[in-house]
Structures are given as C-alpha cells and as structure tokens.
Amino acid sequence: MTTIFNTYNKVSRRTGTIALSLSLLLTASSCSGFLEILPPNDVVLENYWTEKNDVTSVLFSCYESLESEESMLRMGVWGELRSDNITPGRTGSYDIQEMLKENILPTSSLVKWDVMYQTINRCNTVCHFAPSVQGKDPNYSPDELNANIAEAVFIRDLCYFYLLRTFRDVPITFEASLDDQRDYRIPPTKFENGIDTLIADLRKVEGYAVHRYVDDTRMQNREASRSAYENNSRVTCLAIYALLADLNLWRGNYSEVVKYSDLVLDYKKEQYKKMRANLGNINDMYEFNGIPLILDKPEGNSNCGNMLTEIFGDKNSFESLFELYFCNANVTNSYISDYYGTASQKAGFFNAPSTYRKDVAEGKNVLFDKRDGRAYGSILIDNTSYRIAKYATSSVTFDNQNITDEKSAKVNSNYRGDNYANWIIYRLTDVMLMKAEALILMGEDNYEEAFNLISAVNCRARSIKSATDKDALKFPDYNTPSKIINLLLDERNREFMYEGKRWYDLVRFSLRDGNTHTLVSKVTSVEEKYRGSNANAIKIKLSDPNIIFLPYYRDELKLNDYLKQNPAYGNTEEFVQ
C-alpha cells in the first residue's frame, strides 16, 4: 500500500527529517482566528514536536487537507454524481461524462483515493506524536491533548468512512507513515469490519472532544456565524456523535443510532433554551415537534428563504454540526463554482433534472410540494435549463402564499460572487432523519415517533408550524412499512439534495435490501441523465450489487498485491499492465 501515503510523504519525509511545508491558512482577519501558520521549512524531526503549537499546526493541516480541491471533488462526486439528482451541465472532463453514463474504468481519475489517505496520514501523525509533546510542554494540558486527538481521529475516520462507502473494502491503518522502512502494503479491511473498526475508534475519544469553543448562547444566529464559527468548523463532540450515529446506521445498530442522535438533539434543545433565556424571543427560530430549527419565514417577514440563506448562504448556522470552512484566497471551494455554477460563468458541470423542479409552483411536481422552499432554493430555472442553486447562491427569497405558477412564487436567487461556500458534513436535520430511519427499522411500534421527526423537517421547509395544519403530513397516510420508508428516503432527498449524500443513501438501502431495486428505480427514473445513452443497458449494469461501489484505481492494483478488483468491472488485466 505504498502509494496510499506516497504523495504526502514525498513532500513531508526526508532521511532524518520531516518536511512540514504545508500551505496552511493564515491567521488573521475575520476568517481564521483559530488557525496558525506552520513554518514552511524543513524541521529536524526530533526538534519539531516539542510544544503545543507544533501539534495544532499539523492538526490544522488535517482540516486543510480535507478542504483541498481534490478532496472536495471526491466528497461531492462520490456522494452525488451517480444518483438521480444529476444531469450533464456544461461539458466537464471525460471522466465526469463517462461516469454520468455509468462507464467507469479503473483508469478514471475519479477513482483515485490518494488525497483521502494523505489526510488520514496527517491525522495518524498527530495521534503518533502529540502524546509525547504533552510531556514536554507544561502549557499543553491533558485535556487539550485529548481534545486534539479527538479532532484528528474524527477527521481520519470520516475519510475512511468515505472510502468504505465508495469502494466497499479498503486498507485501514492507524499507524503513521514516517519513513521508508515500513511496508504499508496491507490487505483491505472488509466493509462490515471496517465500519466496526471506526465505531470502536471513535468511541475511545467521544468523551474528549470540546462541546463548544465559544459561548454563542448570547449571540443571534448571524452574529454566531461571524464570531463563533469554530463551534461548527472545528470538530466538537456533536460532530463525533453525528458520525457515530451515521456509522451505526450503516452497520444496522439501530439502538445506537437513537442513542447518539439523542445526544445531539438534547444538546441543541438545551442550547436553544439558553439562547431564549439570554436573548428573549428569537424571531428566526421555532420548535418543530419540540426540536428547534431555523424558520424559513421568520416572524414579521413577508418572504420565505431564510432557512436556506442561513444554512447555505451564511456560514455556520445554529443547525450546523460540522462543516468545512472556506474564507480566503488560499482555501477556496472551487468544487461549487466549477460543478454547480457561479454568477459569471452560469452553469457548472452538473445540472439538476427538470423532474425535480418543473411544475413545482403549479403543484404538479413528483417530489416537491409547491410550498417547499427547498425546491426553489436547491434548483433554479434558467431559461430552459435547471441549474443547481444550493451552495452556489448566497441567498434566495420567494413567496409561498397563493402560489399558482412560477411567476407568482416570485423566486429571487443571488449567485455567489466568490468561491467561499462552506461545505456541510453534518447538520441537525441529518441527525433527525438518521434517528427516524433507525426507528422505522426497529419496528412498527416506533413508526409514529419516526414520522414526527420526518414531519418536523418537512413542515419547517413548507413554513407549516402546526401538525394540525391542513397541509401538514398526516401519520395515517404513512403508517405502513413501505409508505413510511419511502417517505423517509424522499424526505432525505428533498433535504440533502446536492450535499453529497444521495448516492450513499441509495447504496445503504441496497445493502440493507440485498438488491439494487430501489437504487435502479430511482436513478433510471431521470431520463434526462441518459441522453445519448441506453437506459436499459444502464439498468442492467446497476442490477449487479457489486457495481454500486467504484473500482480500485489501476495503479493501486499494481502496487498492492492484496487488492483484488471489484468483479463488477470485469477483466481488468488490460488496465494493470
């Protein structure tokens, strides 16, 4: 497995030294007060790991690596491209075009995983050296050490989680690659064992992470996004709980999903309670079925759109649990501008299917209700094309009263003039719907509780405050196994469209069902995606359960004899020569 760490090691490792020329974010201004500059010169290994700042410098390089252009591309493409949410936009790379057609080869640049292992090795390096620093620097307390280790473990395990969901079986090691003497070619860990390994790893540190870096209970949401962004852009215990809930959901440990989800939900309820006590009425929040969420239409406002503007247009909302923070010319989110679009270049490489946006305002859409702000904020009608608006726009407003057609909805979206859109990994509604999914799978006695969570997410998006509203979802309409699980899957799509989650949702359902029927039904329902392709051929391809995972990259097969190619991709000997 030498290639896994090679790229990072080439710039970081020399005989007897560790090169630490990492292009870290600058301290300064309104953006990155918690980040520090790492010295751009080679530092002799034994002279480097001596004080707290040495640990935090390399730790923050882990965040930076996760935010890199190549890492962002994979998190976005791996989690969304093959789903029913994407159709071709302006002409992208050959590999993008081919993956859209389900023509995926081991030579595709999109199946390269080295950037994830680079981040993993930085995290392993922190975990390896940080404990020795605590004994050398009296200003580095045990609590600070443990919190830093928890941050590194979360980032490392998040990367492994992406790899497992994308490739199924992958090599897993928690040892840092520090020299050329050790052979890192190791066998891949089986998917189920890999998930179990990550759960056990995170449980060791779940009690060590910081709850909040800044007390923001005396701040309005907008002020908190500017002054307390560390609470969401650095790893906290809430981020770890969310990842543990997600891992357990994939592993089928449903009571554990409920436990970790409740830890998040209870904390956010208490946070909101403190905010109310300190600030009085908060006009842009409301408790939906007992859970505080950002209102799409704040009290006293005539327009909707506040929810999407605060969560995706601003940075670090109340609902954010962990997001990647982009703020200056050194670290930009070019994935959004290239793949979703900008104000200047218009369409990105991806477009949205008309299926999910056409006729929404007329009440005839297959997925969205006419009052659902997520339709207007996620997809923008631009003449005859349907552009992805989520993340790409800084704000959206619309009128959801008395809508009869698109004109009466009065949709107004403002595209970003910069490349600094944050990327959300986990937010509050994600935890709500993970818990709902677990409850459904625990049996019919839990259906109503699960429904209440789904309904809360749905009502917020449609500006419905009361479950007794005539337009609110009603439990008797969804109290059978097939109806409530389909409601859950559709609600996840409405809520997390273009957040890099849809393909993984379909993969999880396929693994649980033991077949790809749901995945094939959803993906092939978007006919636009297959213009110039054979939809029937794609249905046949996707019927193979192995093909929901990507192939190993050709060079990895050459360099690690333990890796055996995914059988869904046929005889790949021609790609291994």
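Here the structure is a predicted model, which means the values were calculated and not measured. Any value given below was found using the heavy atoms of this structure, including those in side chains, with hydrogens, waters and symmetry copies removed.
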(message) Between K564 and D169 (salt bridge meaning N to carboxylate O under 4.0 Å), is one present in this structure?
(response) no

(message) Do the side chains of K112 and E556 get close enough for a salt bridge, i.e. N-O under 4.0 angstrom?
(response) no

(request) Consider only side-chain N and O atoms of N546 and D544, and report whether a donor and an acceptor are under 3.5 Å apart. (result) yes

(message) Is the positively charged end of R165 above the ring of Y162, judged by distance under 6.0 angstrom from the centroid and angle within 45° of the axis?
(response) yes

(message) Cation-pi check for Y420 against R416: NZ or CZ below 6.0 Å from the six-membered ring centre and within 45 degrees of the axis, yes or no?
(response) no

(request) Check whether any side-chain heavy atom of T397 lies under 4.5 Å from a side-chain heavy atom of N412, and answer yes or no. (result) yes

(message) Is it true that Y391 and N422 share a donor-acceptor pair across their side chains at a distance under 3.5 Å?
(response) no

(message) Name the residue from T429, D490, L487 that meets the side chain to side chain contact (heavy atoms under 4.5 Å, CB included) definition with I454.
(response) L487

(request) Could you tell me whether E256 and R251 make a salt bridge, using a distance below 4.0 angstrom between a side-chain N and a carboxylate O? (result) no

(request) For the pair R168 and E192, find out whether any cationic side-chain nitrogen is under 4.0 Å from an anionic carboxylate oxygen. (result) no

(message) Could you tell me if S378 and Y356 have a donor-acceptor pair between their side chains, going purely by distance under 3.5 Å?
(response) no

(request) Answer with yes or no after comparing the ring centroid distance for F549 and F167 against a 6.0 Å cut-off, counting only values under it. (result) no

(request) Indicate yes or no: does D505 engage R502 in a salt bridge with an N to O separation below 4.0 Å. (result) no

(request) Would you please indicate yes or no on a ring centroid separation below 6.0 angstrom for Y335 and Y340? (result) yes

(message) Under 4.0 Å between a side-chain nitrogen and a carboxylate oxygen: does that hold for R512 and E437?
(response) yes

(request) Give a yes or no on whether a salt bridge exists between R492 and E495, defined as a side-chain N under 4.0 angstrom from a carboxylate O. (result) no

(message) Can you tell me which residue among I294, D430, V431 is in a side chain to side chain contact (heavy atoms under 4.5 Å, CB included) with E319?
(response) I294

(message) Can you see whether E175 engages N124 through a side-chain donor-acceptor pair at a distance of less than 3.5 angstrom?
(response) no

